[in-house]
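Each chain gets a letter, A, B and so on, in the order the sequences are listed, and its residues count up from 1.
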4 protein chains.
Amino acid sequence: MRADARRNYDKLVGAAREVFAAEGGGASMEAVARKAGVGVGTLYRHFPRRIDLVQAVYEDDVEELVETADRAVAELEPWPAVVAFLEAFVRYARTKRTFLNELREAFDKDPALKLRLRERIDEATELVVGRAQRAGAVRPDVEGADLTQLLGPMCTSPTLTDEQSVRLLPMILDGLRTRGDVG
Amino acid sequence: MRADARRNYDKLVGAAREVFAAEGGGASMEAVARKAGVGVGTLYRHFPRRIDLVQAVYEDDVEELVETADRAVAELEPWPAVVAFLEAFVRYARTKRTFLNELREAFDKDPALKLRLRERIDEATELVVGRAQRAGAVRPDVEGADLTQLLGPMCTSPTLTDEQSVRLLPMILDGLRTRGDVG
Amino acid sequence: MRADARRNYDKLVGAAREVFAAEGGGASMEAVARKAGVGVGTLYRHFPRRIDLVQAVYEDDVEELVETADRAVAELEPWPAVVAFLEAFVRYARTKRTFLNELREAFDKDPALKLRLRERIDEATELVVGRAQRAGAVRPDVEGADLTQLLGPMCTSPTLTDEQSVRLLPMILDGLRTRGDVG
Amino acid sequence: MRADARRNYDKLVGAAREVFAAEGGGASMEAVARKAGVGVGTLYRHFPRRIDLVQAVYEDDVEELVETADRAVAELEPWPAVVAFLEAFVRYARTKRTFLNELREAFDKDPALKLRLRERIDEATELVVGRAQRAGAVRPDVEGADLTQLLGPMCTSPTLTDEQSVRLLPMILDGLRTRGDVG
DNA sequence: TATGAATGAGTGTTCATTCAT
DNA sequence: TATGAATGAACACTCATTCAT
């Protein structure tokens, strides 16, 4: 890839993320191109279909999330690593929310993509949460890789399903509860 | 309002909520009218601008949330009431998420509307949470009316701001922490 | 169909035929709508896809051709009827030529359509030519319904195939030949 | 012109002819360049405007037609020469049809071009047909140079004009007529 | 009054053409 | 000089909104 092309590619993914965040997944290609400071044609050379751009942004998000997990494990204590990772995960899920409809379309066309990305996330989660569990910092009755199943949908789906909320919300709400004496 | 007009009004708001949930806030007026089983013309008689429909759905959501608070206080113990209310709040915020962009537009045109609705929600929250605090079920260091500031954005904004997450996420994550022995 | 809608439908097919003739099958929808004196939206209400418009024009052409055959048989002597019909056929084929590419696309999606229309034409041809043959006005060694196979491709395909031209062109060229003495 | 440049020039015209035949006169420059196996930049070095390429293909066609006339006169008997030439003419006209719109545009800008090419064709026709007439193989009541006026439009124009068809079609249809006894 | 047809501005996408590599 | 990336005008198509029926 030529230097200028590479530069534009990165500029475009960044611009797309910002524009999607600001205007929703329905933001116009024109708007993304303008934000990136290039012509629409350039945008389309890199991303022939709108969906390709959405997908690129999403894959980039997943990659960043995985890197966060690696960095957290390398630089932080077990519990803070979990905190950092889950903060990042929520940020990731929130971003995904912006263009969920668009994403669904992409996944329908390429189910393998969905699987591949989910796997990457599950591995990252397991890395961070499993370590914390082995260190006794996280209750063992939570299946590490399963956390994404809980947090993800809560963050992205417009209507929490019953089954998921009965396992998730109590835990989250727990943080609000006054506790007798602990630490 | 005549009975049949009222019937259509309700049918339309209900249809709009469903359609927005299924297709996002960008769903077409045609789609809403079709779902409600009326012509577009009728839809426009009740809601002259698209934004009026969005607003009606939203107001309806707020009303339902407030009613949930009243019912919770009347029928449940302090802590379960908080749980029920916050579950409802999350559902509400999640729904709102669907047409956040559309809503912003409405608020820009009519700032008083935003204020009025926020006030209703804050009162409902205070009703439920304040009661639980007085009963010793909720830590007193959380300002009741401020909960919406924490949970709301988390549920709706695509990128949690730092300031908000440092106050909110730790509490939520707290639920994951292994605790010595409590109850 | 409401009166105004019907009026517009006819206006649109007529406009499309003219515009396609003038600018080729690639003519813009905008141009067709302008010619018909309606907005693009109206054009799209009647013909949701570009291809639907092309198809409508084509079906209309076939219908006209079939009617010409009926009229010719009713009003003319056997040989003049053949002349009139073939003149109409050439006109028809020439028109078809204008949007052949577009048509191919339509046929690929709906092969039954192709079959159905071809059948109509073959029947019409047989009606006219068969009658002339029985009257001794047309050489019996030409298979009536097969004429379309000869004339059609010649008129529409950009490159005559060898097999077809050896049977067709000599006959056509025959008209140029000087003949000893006949009548 | 350098050898390699010449090679590319020919490659491009050939590629263009094929692509135009396959996809119509609206085929993209990218497609032509790809077919020729060069970059668009190279295509544009040889043909600064799209129209220049169209024109080159057309001139090439005319040249080929003229050569066919010369060869026919040199190698064939008068009547077969007419047949061969007219077959070639139809082929030529059919090809021209593919990018008729594009061509019109070129002629509008450069009327002299149109005149020059028509003259070449008329001379070639006269060469072949005149010879056949002098040999008694073609009826003398057809003006040689006028044949192009008849056949050309029939092959290219989407709607035969009345004036032309009354002179042309009867002659062509003649080939279908049963004739008493001749040879 | 309810319906659904008509309108046209706006968006995704393509492609001739220019220009950096 | 050849390549292919960048540009933006143009076109198919959608949908909020208006208006004839």
- Report yes if a side-chain nitrogen or oxygen of D/R45 is closer than 4.0 Å to either non-bridging phosphate oxygen (OP1 or OP2) of E/dT18; otherwise report no. no

- Quick one: on DNA chain F, does B/S28 or A/G39 contact a more 5' nucleotide (nearest heavy atom)? A/G39

- Query: In terms of side-chain heavy atoms of D/M29, which of E/dA5, E/dT17, E/dT11 is nearest?
  - Reply: E/dT17

- Item | Presence of C/H46 side-chain N/O under 4.0 Å of E/dA5 phosphate oxygens OP1/OP2 | no

- Note on the structure: 5'-most contact on DNA chain F (nearest-nucleotide basis), A/V38 vs C/I51, goes to A/V38

- Query: If each of D/G41 and D/Y44 is mapped to the nucleotide of DNA chain E with the nearest heavy atom, which maps nearer the 5' terminus, i.e. the 5' end?
  - Reply: D/Y44

- Nearest-angstrom distance from the residue atom CZ of C/R50 to P of F/dC13: 8 Å

- Is the closest basic N to carboxylate O distance between D/E59 and D/R120 below 4.0 Å? no

- What is the distance, rounded to the nearest whole Å, between atom CG of C/L43 and atom C1' of F/dT14? 13 Å

- Task: Quickly work out the C/F47 CZ to F/dT14 C1' distance and round it to whole Å.
- Result: 18 Å

- Non-hydrogen atoms of C/M29 and C/L43 that approach each other most closely: O-CD2, 3.3 Å

- Task: Whole angstrom is fine here: how far is it from CZ in C/R34 over to P in F/dA10?
- Result: 12 Å

- Message: If you only use heavy atoms from C-beta on, which nucleotide in F/dT14, E/dT18, F/dA16 is closest to the side chain of D/R49?
- Response: E/dT18

- Query: Taking CD from D/E30 and P from F/dA5, how many angstroms apart are they, rounded to a whole number?
  - Reply: 9 Å

- Task: Using atom CG of C/D4 as one end and atom C1' of F/dT18 as the other, report the distance to the nearest whole Å.
- Result: 14 Å

- Return no unless some side-chain N or O of C/T42 is found under 4.0 Å from OP1 or OP2 of E/dA5. no

- In the strands shown, is E/dA20 matched to any nucleotide by a Watson-Crick or G-U wobble pair with both distances under 3.5 Å, and which? F/dT3

- Message: Could you check whether D/R6 pairs with D/D10 (Lys NZ or Arg NE/NH1/NH2 to Asp/Glu carboxylate O, under 4.0 Å)?
- Response: yes

- Message: Heavy atoms only, 4.0 Å cut-off, all strands: where does A/A27 land among base, sugar-phosphate and nothing?
- Response: sugar-phosphate

- From NZ of D/K11 across to P of F/dA2 the rounded distance in Å is 10 Å

- Task: To the nearest Å, give me how far apart CG (C/N8) and P (E/dG8) are.
- Result: 13 Å

- Message: On DNA chain E, does the nearest nucleotide to B/G37 precede the nearest nucleotide to D/P48 from the 5' side, or the other way round? Give the residue.
- Response: B/G37

- Between C/R2 and E/dA5, does any side-chain N or O lie under 4.0 Å from OP1 or OP2? no

- Task: Answer with base, sugar-phosphate or nothing: what part of the nucleic acid does D/V40 contact at a heavy-atom distance below 4.0 Å?
- Result: base

